[in-house]
Amino acid sequence: MRFIRTSNLKPGMVLARDIINKNSSFLLKKGVTLNAKYISYLDIKGYIGAYIFDPDSEDIDLEDSISAFTREEGIDAVENKDIERVINTAQQMVAEILSRKHINMDVLDLRSYDDYTYHHSVNVAVYATAIGKAMGLTELQLIQLCQAGLCHDMGKQSIPEEILNKPGALTDAELETVRNHPQASYDIIYDNPEITAPVRQAVLTHHENENGSGYPKGLDGNQLNIISKIIHAADVYDALISKRPYKEPYSPADAMEYLMGGRSILFNDAVVDAMCKVIPSYPSATEVILSNGEHALVVRQTGDPTRPIVKVLGSKEYINLSQDNRNLSIVASGILEPDYSREVEKLNDARHNVREKKPTVMLVDDSLMNLQQTSQALAPDGYEIIALQSGLAALNYIRDKGAPDLIVMDIMMPTVDGISTVSSIRKLGYTDLPVIFLTAKGDRETIMKCILVQAKDYIIKPVRPVYLRGRVARALNESLER
């Protein structure tokens, strides 16, 4: 079987896995031939894709982390806020996960907008249990983790759908409503004596960050139990890879990069390390592009989540990227079309009001976390942000759409670094375009390179948000005065 994005599905393709929309009783069984009507429905309802039978992928088989029956039991328990069923289902989920010698979260969840909250809760429970198993937690802790995952978003069921699925920015009142869901979830489980204190705390604090910047209480890592920290990371990961009415999904590789970039800031280091072991960056049955330009399918995982075994499309060649002596690597995932012109995505509970249009600032950094942090640092000034992940993407954007008012660019990037990118931008005729470099090095050689490409400024990382805003504002003002 092979995963195909909804936008690439064609009539005549045959499903290799069931697709179910529980709320509308919609069901497409394995073996059904897709037609235009079915594909249109999948697109409208927000499914990211489907698994289909394909000659190139006949030897690819996927094993679910838990049985379909247990997953449905979890979804029903969450939907009905049935805590007794949650407790029983959590024990069954843990038993199934513990029974597997090797646990890998290798199957993409096919869910619609309608089913999001319930599927999301079950996914978080499964991810959290697998992470906890990798960290060596006890069976009791795993059951607590699973219970917390199933219960953490129950409070969202009282939030109107028009807020949860609002395509545009949330008002302050709507954002406050969404941010109250941890307390609402906590209140639902509070009176049940079989729900332990660690589970209740995890449900209440699953949006708290390691550095104390989360909500509802602004607690830091020293004040949070390990169950809360695992639920937080699993919740963010599943939210990132999900398609919502107001955001496109991250690929698993980009989502894992986001979490790795947030180590010690948003997420616990040990939790992120464990996630890297059990959640592959490139799931099996998905298409990838190799560094030599060849397209391949991921066949199965190895001990390295970023270097699976792949099969080159149109051939019978298999490559174990963890052992390949040609040093081949994956440079792009085929789960999603690369879209480097999009703004940095906000999580579902962090959307903000649209501000008055101001100058356009292009951010260029290969790290999603750095893009997110830089974007958030500049957010108070209301700039229109263009966030790109490579120098090549910046060049293509400028060629196609013209230049922004200012560029903030990391120097150290793979393939094409910041210095080379700016040099190419100058050759396109943008000799006066102000550029601020972000660099971890302040040595003479680096500074001279910045001067040679006529950089407006350079800032040594890490940089304080207030300092960055000041330097950006000054560079823009000086540019406008010319």
Side-chain angles (χ1 to χ4, degrees), residues 248 250-251 253-254 257-258 261 289 291 293 329-333 336-346 357-379 381-441 446-463 468-469 471-476 478-480:
E248 290 299 314
Y250 279 36
S251 70
D254 284 347
E257 183 183 332
Y258 179 93
I289 302 173
S291 53
S329 61
I330 294 173
V331 296
S333 167
L336 300 168
E337 290 284 3
D339 180 6
Y340 297 111
S341 63
R342 71 184 180 186
E343 293 186 12
V344 174
E345 304 289 3
K346 309 291 193 302
K357 182 174 174 60
K358 283 194 172 184
T360 301
V361 178
M362 177 183 285
L363 310 179
V364 187
D365 198 308
D366 61 302
S367 166
L368 280 169
M369 173 55 77
N370 289 344
L371 283 176
Q372 185 90 355
Q373 290 178 329
T374 308
S375 178
Q376 289 174 348
L378 297 178
D381 293 321
Y383 300 122
E384 180 182 346
I385 299 296
I386 303 165
L388 308 175
Q389 285 185 255
S390 72
L392 182 59
L395 283 169
N396 289 337
Y397 185 98
I398 290 172
R399 286 192 187 101
D400 293 342
K401 301 182 180 181
D405 296 299
L406 178 130
I407 297 177
V408 179
M409 182 177 297
D410 184 34
I411 289 182
M412 297 300 294
M413 293 186 293
T415 310
V416 181
D417 65 21
I419 299 295
S420 299
T421 300
V422 173
S423 177
S424 297
I425 290 172
R426 299 298 186 215
K427 292 176 182 177
L428 292 176
Y430 297 101
T431 55
D432 295 327
L433 175 60
V435 176
I436 297 176
F437 279 123
L438 299 180
T439 176
K441 296 181 178 180
T446 300
I447 294 171
M448 288 303 298
K449 288 180 179 179
C450 294
I451 293 172
L452 286 172
V453 293
Q454 299 172 298
K456 182 71 180 177
D457 202 351
Y458 56 87
I459 301 175
I460 306 299
K461 296 190 293 185
V463 57
L468 177 63
R469 289 201 296 271
R471 301 288 278 267
V472 167
R474 187 178 72 176
L476 284 167
E478 290 177 357
S479 177
L480 292 173

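Since we're looking at a predicted model, the values are computed, not measured.
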*Asks:* Supply the atom-to-atom distance Tyr458 OH to Leu438 CG, rounded to the nearest 0.5 angstrom.
*Replies:*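 Reported value, rounded in 0.5 Å steps: 13.0 Å.
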
*Asks:* Flag the pair Asp457 / Arg474 as yes when at least one side-chain heavy-atom distance between them is below 4.5 Å, and no otherwise.
*Replies:*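 A side-chain contact exists here, since the closest heavy-atom pair is under 4.5 Å.
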
*Asks:* Once side-chain contact (heavy atoms from CB on, under 4.5 Å) is applied, do any residues pair with Leu452, and if so which ones, sequence neighbours excluded?
*Replies:* none

*Asks:* Checking the side chain of Ser424 only, and the main-chain atoms of Ser420 only, is there a donor and an acceptor separated by less than 3.5 Å?
*Replies:*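 Yes; at least one donor-acceptor contact below 3.5 Å.
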
*Asks:* Go through it in stages, so that I can follow the logic: the residues are Leu428 and Ile398, the test is side chain to side chain contact (heavy atoms under 4.5 Å, CB included), and I'd like the CA-CA distance, side-chain angles, deciding distance and then a yes or no.
*Replies:* CA-CA 9 Å; Leu428 292 176; Ile398 290 172; 4.3 Å; yes

*Asks:* Mark yes or no for whether Ser291, through its side chain, and Ser329, through its backbone, hold a donor-acceptor pair below 3.5 Å.
*Replies:*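 Flag set: sc Ser291 to bb Ser329 pair under 3.5 Å.
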
*Asks:* Write down the atom of Pro404, the atom of Met362, and the distance for their closest heavy-atom approach.
*Replies:*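 Here Pro404 and Met362 meet closest at CG-CB, 3.6 Å.
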
*Asks:* Would you call Leu406 and Tyr383 a side-chain contact if the rule is heavy atoms closer than 4.5 Å?
*Replies:* no

*Asks:* Heavy atoms only: give me the nearest Ile411-Cys450 pair and the separation to one decimal.
*Replies:* CD1-SG, 3.8 Å

*Asks:* What pair of heavy atoms forms the shortest contact from Asp417 to Thr421, and how long is it?
*Replies:* O-OG1, 2.8 Å

*Asks:* If you compare all heavy atoms of Thr431 against all heavy atoms of Arg426, which two are closest, and at what distance to 0.1 Å?
*Replies:*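 So the minimum-distance heavy-atom pair works out to O-NH1, 3.6 Å.
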
*Asks:* For a quick test of reading the model, state the closest non-hydrogen atom pair linking Gly391 to Met413 and the distance between them.
*Replies:*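 Closest pair (atom of Gly391, atom of Met413, distance): N-CE, 3.9 Å.
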
*Asks:* Under 3.5 Å, which donor-acceptor pairs do the side chains of residues 364-371 form with other protein atoms, sequence neighbours left out?
*Replies:*
unit_1 : atom_1 : unit_2 : atom_2 : d
Asp365 : OD1    : Ser367 : N      : 2.9
Ser367 : OG     : Met369 : N      : 3.4
Ser367 : OG     : Asn370 : N      : 3.2

*Asks:* Any side-chain heavy-atom pair from Val361 and Asp405 closer than 4.5 angstrom?
*Replies:* no

*Asks:* Quick one: pull up OG1 in Thr446 and CE in Met448 and give me the separation to the nearest 0.5 Å.
*Replies:* 11.5 Å

*Asks:* Between Arg469 and Leu378, is any pair of side-chain heavy atoms under 4.5 Å apart?
*Replies:*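 Answer yes - side chains close enough.
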
*Asks:* Got Ile460 and Thr439 here, is their nearest side-chain heavy-atom distance under 4.5 Å?
*Replies:*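 Yes, close enough: below the 4.5 Å cut-off.
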
*Asks:* Grab the two heavy atoms, one from Gly402 and one from Tyr430, that are nearest each other, plus how far apart they are.
*Replies:* CA-OH, 3.8 Å

*Asks:* Quick check for you: to the nearest 0.5 Å, what is the distance between Asp432 atom CG and Gln454 atom CD?
*Replies:*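 Result: 8.0 Å between the selected atoms.
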
